[in-house]
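Before any comments, here is the structure.
Positions are given from 1, in the same order as the sequence printed here.
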Amino acid sequence: QSPTPQQTQLNASPELGKLFEALSKAQAEIKPAKIDMENPYYKSKYASLKSCQEAYRAPLAKFGLAIVQQVYSEQDAYYVRTVLGHSSGQWMSNVFKLIVGKRDMQGLGSAITYGRRYGANALVGVVDTEDDDGNNSLPPKGENKPPQKPQPKPKAQNKKPPNMEP
């Protein structure tokens, strides 16, 4: 079944104290992921899923934390569920609906990688891109112009067309 709006915000065990204590200690040791990839289409740089995992795996494990991710489909949509679990049994998770641009396995695989990277990084607090101050969320320059006011139509004049008899 599709996640409800409440599930997309944060799903968690009833108690979170031990998880948050461990996560805060792990976050003190987690370094930003190494920016190791470049997207020539968007002219942006970002950290690969591998680089992100290298940034958080050892600090999480040191404090009894682990990430588990599941890909599933429902009603022609694909999702990635990411669970951050603690050795105490406490957990929290998020669900990302995937946007699959190309309707083939390569497109799905790319969307899964994005979902895994964003899901895990959001839960553990890994920085994985250069901060662009939100510019990539805006439409391209020139496409966000205010609508033009319609120009008034010229008034019809009561002139007879040339060479026409009344």
Spacing of CG belonging to L65 relative to CG belonging to L19, to within rounding of 0.5 Å: 5.5 Å
Donor-acceptor pair, side chain of S24 and main chain of E21, under 3.5 angstrom: yes
salt_bridge(E29, K25) N-O dist < 4.0 Å: no
Q27 (side chain) donor-acceptor with V124 (main chain) under 3.5 angstrom: yes
Aromatic plane relationship, Y72 with Y79 - under 30° parallel, 30 to 60° tilted, over 60° perpendicular: parallel
Q90 side chain to S13 side chain, donor-acceptor N/O pair below 3.5 angstrom: no
Rounded distance [0.5 Å steps], OH in Y56 versus CG in L84: 9.5 Å
Heavy atoms of other groups near Y78 OH, more than 12 under 6.0 Å: no
L60 vs L23 side-chain heavy atoms within contact, under 4.5 Å: yes
Pair S44, N39: side-chain N/O donor-acceptor within cut-off below 3.5 Å: no
E54 bridged to K34 by N-O distance under 4.0 Å: no
Heavy-atom neighbours of E15 CD exceed 12 at 6.0 Å: no
Side chain to side chain contact (heavy atoms under 4.5 Å, CB included), paired with L49, selected from I112, N121, T113, D128: T113
H86 vs F63 side-chain heavy atoms within contact, under 4.5 Å: no
Inter-residue atom distance I67.CD1 - C52.SG, 0.5 Å rounding: 11.0 Å
